[in-house]
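First up is the structure itself, then whatever we jot down about it.
Just so it is clear, the values below take in all heavy atoms, side chains as well, and ignore hydrogens, waters and symmetry mates. Naming: A, B, ... by sequence-line order, numbering from 1 per chain.
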Protein chains: 2
Amino acid sequence: MSVTGHTRSGGRAEPPQGQQKAASIRDVAQAAGVSYQTVSRVINGHPNVREETRRRVQEAITALGFRRNATAFALASGVTRSVTVLTSNTLLYGYAATLQGLEEASRAAGYTLGVRVLTPEDDLDRTIASAADAGGGLVVIGFDRLGAAALERVPAHVPCAAVVEAPPQGQSPGLPAVWADDREAARAATEHLLALGHDTVHYVAIPASTGTPGSVGPRAEGWRQALEAAGVTAPEPSGKGWDSQAGYEAGQKLAQNQNVTAILCGNDDLALGVLRALHHAGRRVPEDVSVIGFDDAPHSAFVTPSLTTVRMDFQGLGRTAFGLLHARLDTEQQAPAPVPAKPALVLRESSGSRET
Amino acid sequence: MSVTGHTRSGGRAEPPQGQQKAASIRDVAQAAGVSYQTVSRVINGHPNVREETRRRVQEAITALGFRRNATAFALASGVTRSVTVLTSNTLLYGYAATLQGLEEASRAAGYTLGVRVLTPEDDLDRTIASAADAGGGLVVIGFDRLGAAALERVPAHVPCAAVVEAPPQGQSPGLPAVWADDREAARAATEHLLALGHDTVHYVAIPASTGTPGSVGPRAEGWRQALEAAGVTAPEPSGKGWDSQAGYEAGQKLAQNQNVTAILCGNDDLALGVLRALHHAGRRVPEDVSVIGFDDAPHSAFVTPSLTTVRMDFQGLGRTAFGLLHARLDTEQQAPAPVPAKPALVLRESSGSRET
DNA sequence: CTGAAAGCGCTTACAG
DNA sequence: CTGAAAGCGCTTACAG
């Protein structure tokens, strides 16, 4: 099957003649019989304006449909209420939800929100510079290598906050940043599987955001730490991507190994792929193998078996990141950045006691 | 379980003293021994500049790390290369994918991309006006009531393009817009189910974007048309939301009815909920009931049973919408807006011949 | 409480 | 090929 797409251009008549230029502060002043200066006072809510004058100006403003020119305001005042988000992805659940939190907080604060996607092809420094040219601050989503690399290249004079993976233990990033304790969450998820009677837990990793090509992220570290604390040698982690296809491929290999009875995945997409591979291999979940995901994407509760996973407050991370930037951008502003919810293991059908 | 979140502020030392103000066009002029006028010519690539002069200016530019102030440029030239997207949602697959297409196209064209979420609480006119204040154009995602309402309120003088549901047959929207032929796609999906031997097809709807509260969208129309063409009376459509929970609730009712053997859903999230409800009711898919979704979200191929669905080129719609706006904003620009791919039925495991 | 001046950093004609 | 002037629409001191 295939069906036609449509496009339609135009339709709306061009403005009759001479596009009715927008009213300026001077037009308003003339209409109200005051100087444009006074108009500026009124629109900025300055106190020293006679009530009668203020009223006249307000009337002229509504009569002319005046709106202050944002560009001129920015140039004259040096104030730019805007944030631009730098991210390598907008579709994966963790990124999209973080973006949503950023948008929400920026809207609440009266800030404009820009988005620029980072690609391996584009020059990072150029992208950062042009984003910084917008005038406001930057928020970098550093969940992956590209984002983390961008973070390191942001010039010191550019206001910037970041949402990142949990940094290496004992370290902390060189600029305002927020993160969830993925390491601890992964440890808790692994301990849960161990407590269910599984001899070991296998891990299907998301790509790490930092370190050498072979290195693993905080989720993998937490998983490893839990195994080691239990005196279990950690098996080699697998996984080479973010999506379900990558999970499926890793799952195919794990499914061959009858000793595999518990699998932790770096995100829910990977987990779905693993679930699918186990299904194709005829291994039942959770009777034969337990699977736990990460992130709690919206559909994870509705697949069958429903997915045990770690709920992450990405929206909260986004809101907090905006708050950190806001505090730096607007020193008047006192409200501290909100604290995101802690990761929480959500038990559903895909995990259970080891059988046999 | 629950784990600690972290935040870290500061870290980077404040600039030693006096924040090294950014170099201006005049600083460059002085360094190069020319007037700032000539600098303007060089950065704008004007032809009439002596090669030697151009070189000196370029050197000064790199030496001082000069970047043209985007705000001043916009104010002086009247050119604002920016688009802001108005949408009620950023997380649902259709919206997020459309947004991705818009971002991609805007980036390719050197445009800045802003995002503003529409909420029922905020005043639509104010939101539109402040988005328009950004100076560039607007793109409205009109998949739902809120977006469609915003579309109607965009003042005629604001450059705007839209991506919408297929408009009522024979009509077309009053401004540049792009849409996929959802109606025809739904018809084809329904015909497919009928051809599989099902007596009728039930429909779980997404909320309509226009019309009276009870009215249905183009997907529902296509479904109804296919049934009527086959001489089948269309059953009452169900569904009252966009997400899997809404699908689950609709699915619970349909699952009670043993005559229900085929269900078309307004999107994949709904379909997942329906699948879940059928599972809970002990009805097998596709043996007892066939289910078809809409949109082909990334995970739909990996759930079990994998979901038969209609693939939609949301990214293409986004790219096209940007192209329409671009053509209006920049009359120099000749490249026509790209044409999105047609919707296509993707056959997977959740649909099959009627058994009995 | 209100007005006249200078300036934000750039561009667009206009001269030479 | 290059410079001096005026202006984009607003704000920030400075006067009164």
Side-chain angles (χ1 to χ4, degrees), chain A residues 19-58 60-61 64-82 129-130 132-136 330 332, chain B residues 19-58 60-61 64-82 129-130 132-136 330 332:
Chain A
Q19 180 66 308
Q20 188 72 8
K21 212 179 161 195
S24 80
I25 209 182
R26 303 183 203 249
D27 299 324
V28 174
Q30 184 174 350
V34 297
S35 74
Y36 63 81
Q37 230 299 50
T38 296
V39 176
S40 174
R41 281 197 189 85
V42 171
I43 62 184
N44 289 299
H46 285 188
N48 293 347
V49 178
R50 191 153 46 109
E51 197 42 51
E52 157 68 5
T53 309
R54 182 185 304 280
R55 198 183 49 67
R56 284 220 315 283
V57 171
Q58 287 291 13
I61 285 175
L64 299 181
F66 168 82
R67 306 215 95 230
R68 171 220 263 155
N69 180 309
T71 303
F73 171 80
L75 181 58
S77 69
V79 173
T80 312
R81 298 205 163 182
S82 79
S130 77
D133 284 348
D330 182 354
E332 307 279 280
Chain B
Q19 179 67 307
Q20 188 73 8
K21 213 178 160 195
S24 81
I25 208 182
R26 305 183 201 249
D27 299 324
V28 173
Q30 185 175 350
V34 297
S35 75
Y36 62 82
Q37 230 300 51
T38 297
V39 176
S40 174
R41 281 197 189 83
V42 172
I43 62 184
N44 289 299
H46 285 189
N48 294 348
V49 179
R50 188 152 49 109
E51 197 43 52
E52 157 68 6
T53 308
R54 183 184 304 278
R55 198 184 50 67
R56 284 220 314 283
V57 171
Q58 287 290 13
I61 284 174
L64 298 182
F66 168 81
R67 308 213 93 230
R68 170 221 264 157
N69 180 308
T71 303
F73 171 80
L75 181 59
S77 69
V79 174
T80 311
R81 298 205 164 182
S82 78
S130 77
D133 285 348
D330 182 354
E332 307 280 280

Quick check on side-chain contact (heavy atoms from CB on, under 4.5 Å): which of B/Thr53, B/Val28, B/Asp27 does B/Val39 satisfy it with? B/Val28

Would you say B/Ser40 reaches C/dC10's phosphate, i.e. side-chain N/O to OP1/OP2 under 4.0 Å? no

Is there side-chain contact between B/Arg41 and B/Val57, with at least one heavy-atom pair below 4.5 Å? no

If you check every side-chain atom of B/Phe66, which of D/dA13, D/dG9, C/dC10 has the closest atom? C/dC10

According to the Watson-Crick and G-U wobble definitions, with both distances under 3.5 Å, which nucleotide is paired to C/dA13? none

Using a 4.0 Å heavy-atom cut-off across all strands, classify B/Arg68 as base, sugar-phosphate, or nothing. sugar-phosphate

Would you say A/Ser35 places a side-chain N or O within less than 4.0 Å of OP1 or OP2 belonging to C/dG3? yes

Given D/dC10, C/dC10, D/dT2, identify the nucleotide with an atom nearest to the side chain of A/Ser24. D/dC10

Ignoring backbone atoms, establish whether A/Asn44 has a side-chain N or O less than 4.0 Å from OP1 or OP2 of D/dT11. yes

Return the nearest nucleotide to the side chain of B/Thr38; candidates are C/dC10, D/dT2, D/dC10. D/dT2

Could you please name the option among D/dC14, D/dT11, C/dT11 that lies closest to any side-chain atom of B/Ala76? C/dT11

Is A/Thr53 touching bases, backbone alone, or none of the nucleic acid, heavy atoms closer than 4.0 Å? sugar-phosphate

Counting any heavy atom closer than 4.0 Å, what does A/Asn48 reach on the DNA or RNA strands: base, sugar-phosphate only, or nothing? base

Nearest to the side chain of A/Arg41 - D/dC14, D/dT12, D/dG9? D/dC14

Select from B/Phe73 and A/Arg50 the residue whose nearest nucleotide in DNA chain C is closer to the 5' end of that strand. A/Arg50

Tell me which nucleotide, if any, is Watson-Crick or G-U wobble paired with C/dA4 when both distances must be under 3.5 Å. none

Under the criterion salt bridge (charged side-chain N to carboxylate O under 4.0 Å, His left out), which of A/Arg54, A/Arg50, A/Arg55 is the partner of A/Glu52? A/Arg55

Kindly say whether A/Ser82 contributes a backbone atom to a donor-acceptor pair with the side chain of A/Thr80 at under 3.5 angstrom? no

Looking at the side chain of B/Leu75, which of D/dG9, C/dT12, C/dA6 is the nearest nucleotide? D/dG9

Check B/Asp133 against A/Ala70 and note the closest heavy-atom contact, atom names and distance. O-CB, 3.7 Å

Among D/dC10, C/dT11, C/dA4, the one nearest any side-chain atom of B/Tyr36 is C/dT11

